**Q** 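Mind looking over this structure? Questions follow.
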Amino acid sequence: MITTLHIKNIGIIDDISIDLNEGLNVLTGETGAGKTLIIDSLQIISGGRFSKEMIRKGETNSFVEICMYEPKDENSIDGNIIVSREINLNGKNMCKINGRMVTVNELKTFMSKFIEIHGQNDNQSLLDNRFHLKYLDGYIGDKILKKQEEYKEKYQRYLQIKQDLRINYGDEKERERKLDLLKYQLDEIEQANLKVNEETDLEEKRKIMLNSEKISTNLQEADISISENSIDSLNIAIKALEKIETIDVRYETISSNLKNIYYELQEIGIDISKYREDIYFNEAERTEVEERLDLIYSLKRKYGNNILEILNYKEQIRKEIKYIENLDENNQELKKELKELEIQMIKFAEKLHIMRVEYGKVLSISINKVLEDLEMKNANINIHIDYNQNEFFETGKDEVEFYIRTNLGEDEKPLSKIASGGEMSRIMLAIKKVLADTDKMPVLIFDEIDTGISGKAAGAVADKLNGISKNHQVICISHLPSIAAIADYNYFISKNVIDERTNTNIKLLNEEEAIKEIARISSGEVNEATIQYAMQLRNRKAS
């Protein structure tokens with residue numbers, strides 16, 4: 001249940017906190033005082049959409065926070081849960097659950113387990129037939145739960161086998177396509193006959209080819225300088241030193257060193273001459289290098305960033321081909337298990353279908369009885385339960401959708417096709433009343449569910465809300481005295497002007513104040529007659 005709601009800077013709401021209670025909480029007040037803003041705030045904290053225009057004029061952000069208490073059970077958190085959402089003018093959202101930052105979608109998913117809002121435009125779950133099966137199974141309760149769990153266990157295994165077969169190329173055509181592709185890739189890589197350092201060597205050779213003219217010119221100049229100038233000059237110098245090397249050891253040393261330089265220079269000259277010969281390439285060689293590099297680049301785009309990765313990928317392909325070619329035996333076992341599972345699942349699905357058809361009729365009758373009480377005497381709910389022959393679902397093979405005929409002589413239509421928001425609200429109220437004992441939603445919020453009704457229908461709506469509040473915390477905005485009178489807690493919403501700014505206020509009324517408020521909304525005036533009428537309505541609740 002919600003224990004506290006804190007709202008700041010939304011519309012004309014400046015900063016208010018509301019302490020809510022178990023049972024039926026009814027909010028009444030003047031038109032335009034901010035009742036709808038409170039529902040809007042609950043939608044915002046539940047992950048609903050938010051418009052920047054809702055931020056209070058002159059402020060930069062809005063803030064909504066609730067504290068909820070969740071009694072401990074095997075599927076819930078025990079204790080207080082604090083949820084907040086701050087929205088800024090720049091569109092930035094900050095959502096927190098017990099201090100932990102979450103996304104808006106995470107907030108919406110989390111809050112969907114705690115709060116359900118119903119009003120003129122907030123019956124999305126009623127319009128979505130995916131919820132209709134949930135309503136029906138919730139009504140059936142524990143009787144269907146065990147069968148559902150047994151079916152679901154087999155369904156999970158069914159999905160796993162289907163996935164394994166897809167991974168294992170259980171489809172023959174898919175497997176053949178995969179094998180053809182892998183063999184093509186393997187053949188392409190093997191035909192290339194790649195070597196690990198080949199690309200580096202080719203790149204160097206290509207670089208030399210592209211610069212061959214420049215290299216040739218400069219090597220030729222160096223060769224001439226060495227062979228025709230330097231070596232001849234060194235030879236003359238050596239012969240001169242040989243004539244005096246016996247006179248002093250120093251001259252002998254210089255002569256020896258110069259001879260070493262002479263021999264080294266001869267070797268360098270030989271190397272340069274050899275390099276000059278190596279740089280001459282014909283067009284066939286150039287084309288061969290370019291084509292080889294193009295092939296390597298093409299393989300890199302497909303199979304790896306370098307030759308080593310391509311070769312490693314080749315080995316992976318070999319292993320995968322071998323794996324696929326030996327899958328038949330394993331796949332046959334999986335297919336056999338899948339067929340057996342399908343037979344078992346069909347048996348469970350048929351039992352679920354029989355039970356749903358049986359209880360669907362009872363649920364339809366029960367809802368129609370409540371609709372009659374709610375002054376929708378000509379309305380008739382009919383729950384369609386269609387058995388899908390071709391597909392398994394997580395819940396069986398049933399597709400459930402609520403149909404309704406709102407007036408005599410008309411054809412029944414899906415709930416999503418009826419236009420009246422007031423009718424939708426009363427239909428949801430009827431469904432919630434029938435499901436009150438089995439519905440696990442802790443908090444139900446009804447926004448002006450009494451629109452367009454009065455008299456006997458208003459009393460019936462009050463009775464249904466009162467019944468629902470025995471198993472749920474109910475928060476209801478209403479203009480009807482019969483609903484205000486049945487409340488466990490009455491809140492009055494008003495507005496005042498301070499420093500030329502309009503502000504919303506909310507107050508929990510004591511019994512005397514509640515009587516006066518019931519009197520006010522019954523006729524617009526508080527006098528002895530309306531007070532007596534309000535007390536009569538209040539005594540009806542007590543009785």
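FYI, side chains are in, hydrogens and waters are out, and symmetry mates aren't considered; it's all heavy atoms of this structure. Remember, it's a predicted structure, so these values are computed and weren't measured experimentally.
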**Q** Report the relative orientation of the aromatic rings in Phe114 and Phe110; use parallel for angles under 30°, tilted for 30 to 60°, perpendicular for over 60°.
**A** tilted
**Q** Quick one: do the Asp19 and Thr4 side chains pair a donor with an acceptor below 3.5 Å?
**A** yes
**Q** First locate atom CD of Glu86, then atom CD1 of Ile44, and finally report the distance between them rounded to the nearest 0.5 Å.
**A** 12.5 Å
**Q** Taking Ser46 for the side chain and Gly48 for the main chain, is one N or O donor matched with an acceptor at less than 3.5 Å?
**A** no
**Q** Glu106: which residues meet the side-chain hydrogen bond (donor to acceptor under 3.5 Å, both in side chains) condition with it, sequence neighbours left out?
**A** Thr103
**Q** May I ask you to decide whether Glu65 forms a salt bridge with Lys96, counting only side-chain N to carboxylate O separations under 4.0 Å?
**A** no
**Q** Please name all residues satisfying side-chain hydrogen bond (donor to acceptor under 3.5 Å, both in side chains) with Gln344, sequence neighbours left out, ordered by chain then number.
**A** Lys154
**Q** To the nearest 0.5 Å, what is the distance between CG on Leu133 and CG on Leu352?
**A** 9.5 Å
**Q** In the structure I gave you, are the side-chain heavy atoms of Ser84 and Phe63 within less than 4.5 Å of one another anywhere?
**A** yes
**Q** With sequence neighbours left out, which residue pairs that include part of residues 336-345 fulfil the salt bridge (Lys or Arg N to Asp or Glu O under 4.0 Å) condition?
**A** Arg157-Glu337
**Q** My understanding is that only residues two or more places apart in sequence, or in another chain, count here; which of them pass ring pair (Phe, Tyr, Trp, His ring centres under 6.0 Å) with Tyr387?
**A** His353
**Q** Is Gln160 atom CD crowded by more than 12 heavy atoms from other residues, nucleotides or ligands, each under 6.0 Å away?
**A** yes
**Q** Mind checking the CZ-CD1 spacing from Arg301 to Ile310? Nearest 0.5 Å is all I need.
**A** 10.5 Å
**Q** Using the side-chain contact (heavy atoms from CB on, under 4.5 Å) rule, take Leu20 and Met1 through it: C-alpha gap first, then chi angles, then the decisive distance, then the call.
**A** CA-CA 8 Å; Leu20 296 163; Met1 60 170 278; 5.8 Å; no
**Q** For Asn90, enumerate each residue passing the side-chain hydrogen bond (donor to acceptor under 3.5 Å, both in side chains) test, keeping only those at least two apart in sequence or located in another chain.
**A** none
**Q** Anything under 3.5 Å between a donor and an acceptor, one on a side chain of residues 236-246, the other on a protein residue two or more places apart or in another chain? List them.
**A**
from, atom 1, to, atom 2, distance (Å)
Glu242, OE2, Lys259, NZ, 3.4
Glu245, OE1, Ser255, OG, 3.2

**Q** Is it the case that more than 12 heavy atoms not belonging to Tyr251 sit under 6.0 Å from its OH atom?
**A** no
**Q** Please identify each residue that fulfils salt bridge (charged side-chain N to carboxylate O under 4.0 Å, His left out) with Glu188, with sequence neighbours left out.
**A** Lys302
**Q** Quick one: does any side-chain atom of Ser298 pair with a main-chain N or O of Asp294 as donor and acceptor, under 3.5 Å?
**A** no
**Q** Carefully, step by step, assess Lys397 and Glu350 under the rule salt bridge (Lys or Arg N to Asp or Glu O under 4.0 Å).
**A** CA-CA 8 Å; Lys397 292 176 76 67; Glu350 287 173 346; over 6 Å; no
**Q** Examine distances only and state if a side-chain atom of Asp499 and a backbone atom of Arg501 form a donor-acceptor pair shorter than 3.5 Å.
**A** no
**Q** Nearest 0.5 Å, what's the NZ-CD1 distance between Lys8 and Ile13?
**A** 13.5 Å
**Q** Does the side chain of Tyr151 come within less than 4.5 Å of Phe392's, by heavy atoms?
**A** yes
**Q** What closest approach, in Å, do Ile81 and Asn98 show between heavy atoms, and which atom pair accounts for it?
**A** CA-OD1, 3.4 Å
**Q** With sequence neighbours left out, which residue pairs that include part of residues 289-313 fulfil the ring pair (Phe, Tyr, Trp, His ring centres under 6.0 Å) condition?
**A** Tyr303-Tyr313
**Q** Under the rule for salt bridge (charged side-chain N to carboxylate O under 4.0 Å, His left out), what residues qualify as partners of Lys300, not counting sequence neighbours?
**A** Glu199
**Q** Are Arg292 and Glu198 close enough for a salt bridge, meaning some N to O gap below 4.0 Å?
**A** yes
**Q** Does Asn260, at its CG atom, have more than 12 non-hydrogen atoms belonging to other residues, nucleotides or ligands within less than 6.0 Å?
**A** yes
**Q** Please name all residues satisfying ring pair (Phe, Tyr, Trp, His ring centres under 6.0 Å) with Phe348, sequence neighbours left out, ordered by chain then number.
**A** none
**Q** Taking the side chain from Gln163 and the backbone from Leu159, do they hold a donor-acceptor pair closer than 3.5 Å?
**A** no
**Q** With a 4.0 Å cut-off on N to O distance, would you call Glu70 and Lys113 a salt bridge?
**A** no
**Q** Are any side-chain N or O atoms of Asn388 and backbone N or O atoms of Glu391, one a donor and one an acceptor, separated by less than 3.5 Å?
**A** yes
**Q** I'd like to know whether OH of Tyr184 has more than 12 heavy-atom contacts from other residues, nucleotides or ligands below 6.0 angstrom.
**A** no
**Q** If you define the side chain from C-beta out and look only at heavy atoms, does anything of Ile2 sit under 4.5 Å from Ile115?
**A** yes
**Q** Where do Glu401 and Lys413 land on the salt bridge (Lys or Arg N to Asp or Glu O under 4.0 Å) test, with the steps shown first?
**A** CA-CA 10 Å; Glu401 185 164 10; Lys413 300 176 184 178; over 6 Å; no
**Q** Is it the case that the side chain of Thr504 and the backbone of Ala33 share a donor-acceptor pair, with hydrogens and angles ignored and the cut-off at 3.5 Å?
**A** yes
**Q** Quick one: closest heavy-atom pair of Phe393 and Asp398, and the distance?
**A** CD1-O, 4.0 Å
**Q** Once side-chain hydrogen bond (donor to acceptor under 3.5 Å, both in side chains) is applied, do any residues pair with Asp137, and if so which ones, sequence neighbours excluded?
**A** Gln148, Arg356
**Q** For the backbone of Leu444 and the side chain of His472, can you confirm whether one donor and one acceptor N or O come within less than 3.5 Å of each other?
**A** no
**Q** Evaluate the ring planes of Tyr135 and Phe131, with Trp represented by its six-membered ring, and classify them as parallel (under 30°), tilted (30 to 60°) or perpendicular (over 60°).
**A** tilted
**Q** Is any side-chain heavy atom of Ile38 less than 4.5 Å from a side-chain heavy atom of Ile18?
**A** yes
**Q** Among Ile82, Val83, Val443, Asn80, exactly one meets side-chain contact (heavy atoms from CB on, under 4.5 Å) together with Met68. Which residue is that?
**A** Val83
**Q** Contact between Lys495 and Asn505 at the side-chain level, heavy atoms closer than 4.5 Å - yes or no?
**A** no
**Q** Please identify each residue that fulfils salt bridge (charged side-chain N to carboxylate O under 4.0 Å, His left out) with Glu267, with sequence neighbours left out.
**A** none
**Q** Check whether the side chains of Asn503 and Arg56 place a donor and an acceptor atom closer than 3.5 Å, and report yes or no.
**A** yes
**Q** Set out, in order, the CA-CA distance, both residues' side-chain angles and the distance that settles salt bridge (Lys or Arg N to Asp or Glu O under 4.0 Å) for Glu315 and Arg318, then state yes or no.
**A** CA-CA 5 Å; Glu315 294 308 313; Arg318 288 186 194 277; 3.4 Å; yes
**Q** Looking only at atom types and distance, does a side-chain atom of Asp248 sit under 3.5 Å from a main-chain N or O of Arg250, one as donor and one as acceptor?
**A** yes
**Q** For Ser41 and Val64, indicate whether the former's side chain and the latter's backbone hold a donor-acceptor pair under 3.5 Å.
**A** no
